[in-house]
Amino acid sequence: MPRTSRRNLLFGTAAVSAGALLTACTSNEPRNAAPGTDDAVGNAPADDKPGAPVTVGFAGPQADHGWLNAINENAKRRAEKYSEVTLEITEGSNDTAAQIGQIQTLINKKVDVLVILPADGKALTQVGLQAMRAGIPVINLDRVFASPQAYRCWIGGDNYGMGLNAGRYIGEQLKDKPAAKVVELAGLDNLELTKQRTQGFDDALKNYPNITKVARQAAEFTVESGQAKMAQLLQAQQRFDALWNHDDDQGVGALRAIQQAGRDDFLMVGGAGAKSAMDAIKAGDGVLKATVLYPPTMAASAIDLARALGQRKGVGGMSELEIPASITLYSAVVTKENVDEYLPTGFN
């Protein structure tokens with residue numbers, strides 16, 4: 001995860017992108033249907049038939065983390081699926097001024113739709129407003145702008161839900177264990193997303209009075225920080241029953257520290273959905289038993305939304321003629337029982 005920031009269910013599991021769900025809400029051929037019914041609107045079933053040409057501008061931060069690289073790859077692959085979609089993608093920068101300049105270049109090119117994952121949502125709100133005022137609708141990806149006037153649609157993950165589902169999973173595993181203890185390896189504490197993940201986790205644990213969170217360390221979403229902070233937790237806590245780690249990248253370091261300490265007396269739950277984590281879960285020979293998704297497939301879904309918006313279409317399976325104003329993806333829990341379903345979405 002980047003050091004700046006990262007990260008409302010899109011009609012199905014979070015692991016499956018919404019490409020099959022976005023479709024024309026056409027009404028070219030009138031039907032004999034009662035007014036006010038779905039048939040009167042004329043929603044077509046989901047299809048991938050080419051429509052009007054759409055140029056989508058895509059601007060995100062520098063891909064300095066596995067999840068962010070997966071965001072870029074998901075966007076590129078989904079755009080390639082559509083013969084009528086042209087993707088104008090920027091180089092990516094964590095410098096807000098540089099990203100603003102890149103987005104302004106896309107505005108000047110008069111792209112049809114913009115997909116923006118801002119390095120800093122608040123700092124880039126004005127350029128989102130600039131695009132909207134120029135008549136270019138914006139799909140705000142994950143890190144939300146400070147004003148809803150700066151985007152047409154927001155799509156992103158559920159940080160509170162990540163913590164909530166991690167806490168529920170751990171709670172169910174330990175609900176019959178007296179005086180159970182858990183520890184937490186968080187991300188950067190100055191990020192709102194970290195606070196949301198911790199709050200969700202703490203709220204879930206309130207439902208299990210036998211469980212106490214005995215320690216928490218904040219890492220930096222890097223392998224090195226994960227290893228260092230996990231080593232501190234292991235040294236300070238000679239016994240605990242479960243670990244909630246916010247991020248699978250820093251989890252690589254955490255697992256190194258656990259192996260070096262020779263500890264295998266607890267279960268670990270990760271976060272985000274890295275392929276390495278899913279591989280370890282599938283192998284089933286270590287402490288890592290689950291990971292809670294923060295799906296980078298949201299970028300593919302954002303391209304689908306941009307295509308539909310550019311073609312003035314809606315979302316299949318819904319009666320409305322327009323795409324929604326906001327979509328929050330579900331944070332599914334990946335375990336050994338369902339890992340094969342989610343492995344194709346795991347990122348490196």
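Note: hydrogens, waters and symmetry copies are ignored here, and every other heavy atom, side chains too, is used.
Proximity of Ile116 to Phe58: side-chain heavy atoms (C-beta onward) are nowhere separated by under 4.5 Å. When side chains are defined from C-beta on, Met318 counts as touching Pro324, because their heavy atoms get closer than 4.5 Å. Counting heavy atoms from C-beta on, the side chains of Gln126 and Phe145 never come closer than 4.5 Å. A 4.5 Å side-chain heavy-atom check between Pro118 and Asp120 finds every atom pair outside the cut-off. Residues Leu87 and Tyr82 form no side-chain contact, since every pair of their non-hydrogen atoms from C-beta on lies 4.5 Å or further apart. The closest side-chain heavy-atom distance from Ile155 to Ser326 is not below 4.5 Å. Proximity of Asp241 to Leu267: side-chain heavy atoms (C-beta onward) are nowhere separated by under 4.5 Å. Using a 4.5 Å cut-off on side-chain heavy atoms (C-beta onward), Leu205 and Val182 make contact.
In summary, the side chains of Asn94 and Asp64 do present a donor paired with an acceptor at a separation below 3.5 Å, with no hydrogens or angles considered. Residues Asp248 and Thr291 have side chains that bring a donor and an acceptor to within less than 3.5 angstrom of each other. No hydrogens or angles considered: a donor-acceptor pair under 3.5 Å links the side chains of Gln130 and Gln104.
In the hydrophobic clustering of this structure, Val223 does not group with Phe221; members are Ile, Leu, Val, Met, Phe, Trp, Tyr whose side-chain heavy atoms approach within less than 4.5 Å, directly or through other members. The hydrophobic cluster containing Trp67 does not contain Tyr160, counting ILVMFWY residues as joined when their side-chain heavy atoms lie under 4.5 angstrom apart, directly or transitively. Hydrophobic clustering, with ILVMFWY side chains joined whenever heavy atoms are under 4.5 angstrom apart, keeps Leu164 apart from Leu191. Under the 4.5 Å side-chain heavy-atom criterion for Ile, Leu, Val, Met, Phe, Trp and Tyr, Leu141 and Val54 are members of the same hydrophobic cluster. Residues Met268 and Val252 do not share a hydrophobic cluster, clusters being chains of Ile/Leu/Val/Met/Phe/Trp/Tyr side chains in contact below 4.5 Å.
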Report the C-alpha distance between Gln199 and Asp203 in whole Å, list the side-chain angles of each, state the deciding distance to 0.1 Å, and finish with yes or no for side-chain hydrogen bond (donor to acceptor under 3.5 Å, both in side chains).
CA-CA 6 Å; Gln199 187 63 58; Asp203 286 351; 2.8 Å; yes
Go through the steps for Asp304 and Arg78 under the test side-chain contact (heavy atoms from CB on, under 4.5 Å), then give the verdict.
CA-CA 8 Å; Asp304 291 327; Arg78 183 45 59 96; 2.6 Å; yes
Report the C-alpha separation of Met298 and Leu305 in whole Å, then their side-chain angles, then the decisive distance to 0.1 Å, and conclude whether the side-chain contact (heavy atoms from CB on, under 4.5 Å) test is met.
CA-CA 10 Å; Met298 66 177 72; Leu305 289 164; over 6 Å; no
Quick one: do Thr345 and Met278 satisfy side-chain contact (heavy atoms from CB on, under 4.5 Å)? Show the steps, please.
CA-CA 10 Å; Thr345 71; Met278 294 190 196; 4.1 Å; yes
Report the C-alpha separation of Ile170 and Phe201 in whole Å, then their side-chain angles, then the decisive distance to 0.1 Å, and conclude whether the side-chain contact (heavy atoms from CB on, under 4.5 Å) test is met.
CA-CA 10 Å; Ile170 288 173; Phe201 186 61; 3.9 Å; yes
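No donor-acceptor distance shorter than 3.5 angstrom exists from the side chain of Gln62 to the backbone of Gly92, with no hydrogens or angles considered. A donor-acceptor contact shorter than 3.5 Å is absent between the side chain of Thr212 and the backbone of Val214. A donor-acceptor contact shorter than 3.5 Å links the side chain of Asp112 to the backbone of Thr55. When atom types are taken as modelled, the side chain of Gln99 and the backbone of Leu117 share a donor-acceptor pair closer than 3.5 angstrom. Distance alone, capped at 3.5 Å, is enough to place a donor-acceptor pair between the Thr105 side chain and the Gly101 backbone. A donor-acceptor contact shorter than 3.5 Å links the side chain of Thr222 to the backbone of Ser225. Counting only distance, with no hydrogens or angles, the side chain of Asn210 and the backbone of Leu174 share a donor-acceptor pair below 3.5 Å. Counting only distance, with no hydrogens or angles, the side chain of Asn140 and the backbone of Arg143 share a donor-acceptor pair below 3.5 Å. The main-chain N or O of Asn207 is never found under 3.5 Å from a side-chain atom of Arg168 such that the two would form a donor-acceptor pair. No donor-acceptor distance shorter than 3.5 angstrom exists from the side chain of Asn338 to the backbone of Glu341, with no hydrogens or angles considered.
Residues satisfying the side chain to side chain contact (heavy atoms under 4.5 Å, CB included) test with Ala257, not counting sequence neighbours, are Gln227, Met230, Ala231, Leu234. By the salt bridge (Lys or Arg N to Asp or Glu O under 4.0 Å) test, Asp176 is found to be paired with no residue, residues two or more places apart in sequence or in another chain being considered. By the side chain to side chain contact (heavy atoms under 4.5 Å, CB included) test, Asp264 pairs with Val287, sequence neighbours left out. Residues passing the salt bridge (Lys or Arg N to Asp or Glu O under 4.0 Å) test with Lys109 are Glu88, sequence neighbours excluded. Partners of Ala236 according to the side chain to side chain contact (heavy atoms under 4.5 Å, CB included) rule, which considers only residues two or more places apart in sequence or in another chain, do not exist here. By the ring pair (Phe, Tyr, Trp, His ring centres under 6.0 Å) test, Phe266 is found to be paired with Phe240, residues two or more places apart in sequence or in another chain being considered. Arg216 meets the salt bridge (Lys or Arg N to Asp or Glu O under 4.0 Å) test with Glu184, Asp189; sequence neighbours excluded. Every salt bridge (Lys or Arg N to Asp or Glu O under 4.0 Å) that Glu73 has, sequence neighbours left out, goes to Lys76. Take Val333 and apply the side chain to side chain contact (heavy atoms under 4.5 Å, CB included) test, not counting sequence neighbours, and it matches Asn165, Tyr169, Ala290, Val292, Thr335.
The minimum heavy-atom distance linking Lys313 with Gly51 is given by the pair NZ-CA, 4.1 Å. In terms of heavy atoms, Asp247 sits closest to Gln250 at OD2-N, 3.0 Å. The minimum heavy-atom distance between Thr125 and Ser147, with the atom names listed, is CG2-N, 3.8 Å. Closest approach of Leu288 to Ala280, counting heavy atoms only: CD2-CB, 4.0 Å. When all heavy atoms of Gly128 and Val138 are compared, the pair lying nearest together is O-CG2, 4.1 Å. Taking each heavy atom of Gly171 and Ile211 in turn, the nearest pair found is CA-CD1, 3.7 Å.
Residue Glu192 qualifies as enclosed at atom CD: its count of foreign heavy atoms under 6.0 Å is above 12. Shown here is Glu84, whose CD atom has more than 12 heavy atoms of other residues, nucleotides or ligands within 6.0 Å.
The CD atom of Gln196 sits 11.0 Å away from atom NE2 of His246, with the distance rounded to the nearest 0.5 Å. To the nearest 0.5 Å, atom CG of residue Leu193 and atom CG of residue Leu188 are 8.5 Å apart.
In this structure, Leu129 stands alone, with no Ile, Leu, Val, Met, Phe, Trp or Tyr side-chain heavy atom under 4.5 Å from its own, directly or through other members.
Seen from the ring of Tyr294, Arg197 counts as a face-on cation partner, given the 6.0 Å and 45° thresholds.
Residue pairs satisfying the salt bridge (Lys or Arg N to Asp or Glu O under 4.0 Å) criterion with at least one member in residues 50-63, sequence neighbours excluded, are absent. Sequence neighbours left out, the pairs with a member in residues 274-302 that pass salt bridge (Lys or Arg N to Asp or Glu O under 4.0 Å) are Lys275-Asp279, Lys282-Asp340.
Salt bridge annotation for Glu172-Lys175: present, with a cationic side-chain nitrogen under 4.0 angstrom from a carboxylate oxygen.
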